Amino acid sequence: MSSIRERIAGLNPRQQEAVRFIDGPCLVLAGAGSGKTSVITTKIAYLVLECGMSARRIAAVTFTNKAAREMKERVQSMLPGKSGHGLTVSTFHTLGLNIIRAELKTLGLRPGFSLFDPEDAKALLRDLMNKDAQVDADQINKVQGIISQWKNDLVLPGQALSHAETEDDAYAARVYEHYVRHLKAYNAVDFDDLIMLPATLFERHPEVLAKWRRRIHYMLVDEYQDTNSSQYQLVRMLMAERETFTVVGDDDQSIYAWRGARPENLVQLGEDFPRLNVIKLEQNYRSTSIILNAANTLIANNPHVYEKALWSDKGRGDSIRVIVNRNEEAEAERVASEILTRRIKESAQWRDFAVLYRGNFQARILELKLQHYQIPYKLSGGTSFFSRNEIKDAMAYLRLLINPADDNAFLRIVNVPRREIGPTTLEKLANYASGRGVSLFDACHEMGLQEVLAERAIDRLGRFAHFIDRVRKRMDQNEAMPGIRQMFLEMDYEAWLFQNASSPVVAEKRMANVWTLLDQLEKSMAREDEEADETDDVEAAISRLVLRDILDQQAQEDDTDKVQLLTMHASKGLEFPHVYVMGLEEDLLPHRNAIDAGDIEEERRLAYVGITRARQTLTLTLARQRKAYGEMLNCTPSRFLDELPQEDLDWEGRPDKEDPEKKRERGTSAIAGLRSLLG
DNA sequence: TAGGCTGCGATTTTT
DNA sequence: TCGCAGCCTA
């Protein structure tokens, strides 16, 4: 392990400047592949080891669990002994969660509060909205989106109506009020609250803000261009006094504006902090200069507040190939066979290849072709572990255990597995509970139920409540995990799965998923490191699960030797020796909707992100015809192709320059090439 | 309760 | 047009 001084000496001058500048606000404009993670991690180590700042006073924030985990590992490896103790490296949401945990009382929450994921939140909204009239999923999604936006902009329920511009907004404002009230009654918060509650708390309680300013003296923010308003406000408030922070970002890689990210926060920062020191990292350590030049030329078509030109000393490298195919099937065929031949030619591994595309649907045909050639691949996205029913059930049990006020959790599992507690019983129970102002779970214990429910129903509800109470007691006695495991065995959840699954294999798999979840929970609890602080272990661990932490570690483990299939969005932050970008056509990249909305710039950035993933070779493909909405559409090559340096492009099957006969031959040439290679 | 039928939608998605 | 989700039927 090299010392911190050696490590800094190994950085380029700009990177060193970024690390050493600690006395004021600092914006690092880090181009793709310019070593921004090195800068952040080294800077943290520098602050602790050279500047004598306690790690406890430093908070580094990222957007994904994965990024936080990797960053933490890298920093810890630089900080010997206990010098790294108390360091915060987390996602924005985890930071928010920790603030909320510490300020429960002021926020009017009780210990054990539930964290609703967007699905839970939707379920609640559905309930609320269905009270007026039957509403469809579309309306619920719309309202959920509007409310989420308000929360991101720190608009409180009382203010929402004045922000409403449309009828939908006005309706959403009404739902918003009910929604917030219900969340409070359930002792629950949603994902957006994790940022909004701390931010509004700081606004209204200067003494709380002062406390946190004493706690955090230096902040570092990764992927700053992806911050939304509330996240920026949180950082701004915490750092307003000391002005000691470093944010690292790249406006050219802002591809999440549609999800609330505010790349203009980059400019805002300069206005809010006039002393801002802007440092550009322009040396790229990833790609050949042909690839970089293409990326630069493309992105030069976007307006920039801060100009930036990436360069590299990796040599010119191969030309960028542009392959025009007859249709989307030929395109997929071509990419698959290319990978096959190139792997042998370059003696590369499968994992050296990535295929990027605009929309997930494009992966389908490609999958078929890859399967046909028996090429192993890993598809990003897909149905997540947490959207599985058995996992949602298990999570609902966990939530109810630590938060009996969580009516949503109660309703989900009170009759799962079957306890013969039907809708009529539940409706009467709900009426009773709301009349008495207690939760459904608490209502199960009340004598007054006798007035509204038959004895059999009361008996069943009582047994269920008693069953949960027993586990809660064991949790109090520090036997949480054994208690929880036994709960699943005792209610014979497995038998219920077998009854419901289409096959025993499926049922077994589902039960295994539940055990995996509990294993993860236990592991997370065992990890009683500094972060777990003084708070209750089980609660913290369950929150971690809801925030999807821990789980994606698994995903990494089976990251074996496979071709990566990714959307361009999902590819951000990754790099591959050989990259294929599919579907460079008008209406696809740039996407039709973006063209209609007149927002080409984010699409251009998306293409930029795709291009800059490549280390050695870059291949762009397109189809002349594509099936969409049931009809065969003629495709026009993407305008982005025109924006690339034409002298570095190696066209194959260019529409206007080659006749159709020749193209057909080309389509099969890769296979022929492979055959000759294999002899 | 599994499988069949009908109707709808079709960018990107983390926490 | 095609894939699917959600609903209905045997």
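Lettering of chains follows the sequences in order, A, B, ..., and the numbering in each one begins at 1. Here the structure is a predicted model, which is why all the values come from computation and not from measurement.
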For V155(A), give me all partners under side-chain contact (heavy atoms from CB on, under 4.5 Å), at least two apart in sequence or on another chain.
W150(A), D153(A), Q159(A), A160(A), H163(A)
Considering residues at least two apart in sequence or located in another chain, which fulfil the side-chain contact (heavy atoms from CB on, under 4.5 Å) criterion with L154(A)?
M196(A), A199(A), T200(A), E203(A), S230(A), Q233(A)
Segment of DNA chain C, first to last nucleotide, that comes within the 4.0 Å heavy-atom reach of chain A
dT1(C) to dC4(C)
Where do K523(A) and D519(A) land on the salt bridge (Lys or Arg N to Asp or Glu O under 4.0 Å) test, with the steps shown first?
CA-CA 6 Å; K523(A) 235 190 263 174; D519(A) 289 346; over 6 Å; no
Please pick, from [options], the nucleotide with the shortest atom-to-atom distance to any side-chain atom of [X].
X       : options                   : answer
A570(A) : dT13(B), dT15(B), dA10(B) : dT13(B)
H569(A) : dA10(B), dT12(B), dT14(B) : dT12(B)
Y256(A) : dT13(B), dA10(B), dT15(B) : dT13(B)

Please check if the number of heavy atoms outside E601(A) that lie under 6.0 Å from its CD is greater than 12.
yes
Tell me whether the count of non-hydrogen atoms from other residues, nucleotides or ligands lying under 6.0 Å of CD in E329(A) goes above 12.
no
Answer yes or no for this row: W258(A) ring on dT12(B) base, centroids under 5.5 Å, planes under 30°.
yes
Rounding to an integer number of Å, can you tell me how far [X] [atom1] sits from [N] [atom2]?
X       : N       : atom1 : atom2 : answer
F92(A)  : dT15(B) : CZ    : C1'   : 12 Å
I99(A)  : dT15(B) : CD1   : C1'   : 15 Å
E328(A) : dA10(B) : CD    : C1'   : 14 Å
R364(A) : dA10(B) : CZ    : P     : 14 Å
F361(A) : dA10(B) : CZ    : C1'   : 8 Å
L633(A) : dA10(B) : CG    : P     : 16 Å
D193(A) : dT15(B) : CG    : P     : 18 Å
N228(A) : dT14(B) : CG    : P     : 15 Å

Of G359(A) and V546(A), whose closest DNA chain B nucleotide lies nearer the 5' terminus?
G359(A)
Given dT13(B), is OP1 or OP2 found less than 4.0 Å from the side-chain N or O atoms of T567(A)?
yes
Between dA10(B) and N360(A), is there an OP1 or OP2 to side-chain N/O distance shorter than 4.0 Å?
no
dT12(B) and dA5(C), which share atom name P, separated by this distance in whole Å:
14 Å
Among residues 111-123 of chain A, which residues get a heavy atom nearer than 4.0 Å to DNA chain B?
P118(A)
Ring-face cation contact, Y256(A) with R259(A), 6.0 Å cut, 45° max:
yes
Going by an N to O cut-off under 4.0 Å, is there a salt bridge joining D117(A) and K392(A)?
no
Carboxylate-amine/guanidinium contact R399(A) D406(A), below 4.0 Å:
yes
Just call it for R592(A): base, sugar-phosphate, or nothing, with non-hydrogen atoms closer than 4.0 Å on any strand.
nothing
With a non-hydrogen cut-off below 4.0 angstrom, is F191(A) in contact with a base, only sugar-phosphate, or nothing?
base
Only counting residues at least two apart or in another chain, list the ones meeting salt bridge (Lys or Arg N to Asp or Glu O under 4.0 Å) with R626(A).
E331(A), E585(A)
With sequence neighbours excluded, tell me which residues meet salt bridge (Lys or Arg N to Asp or Glu O under 4.0 Å) with E494(A).
none
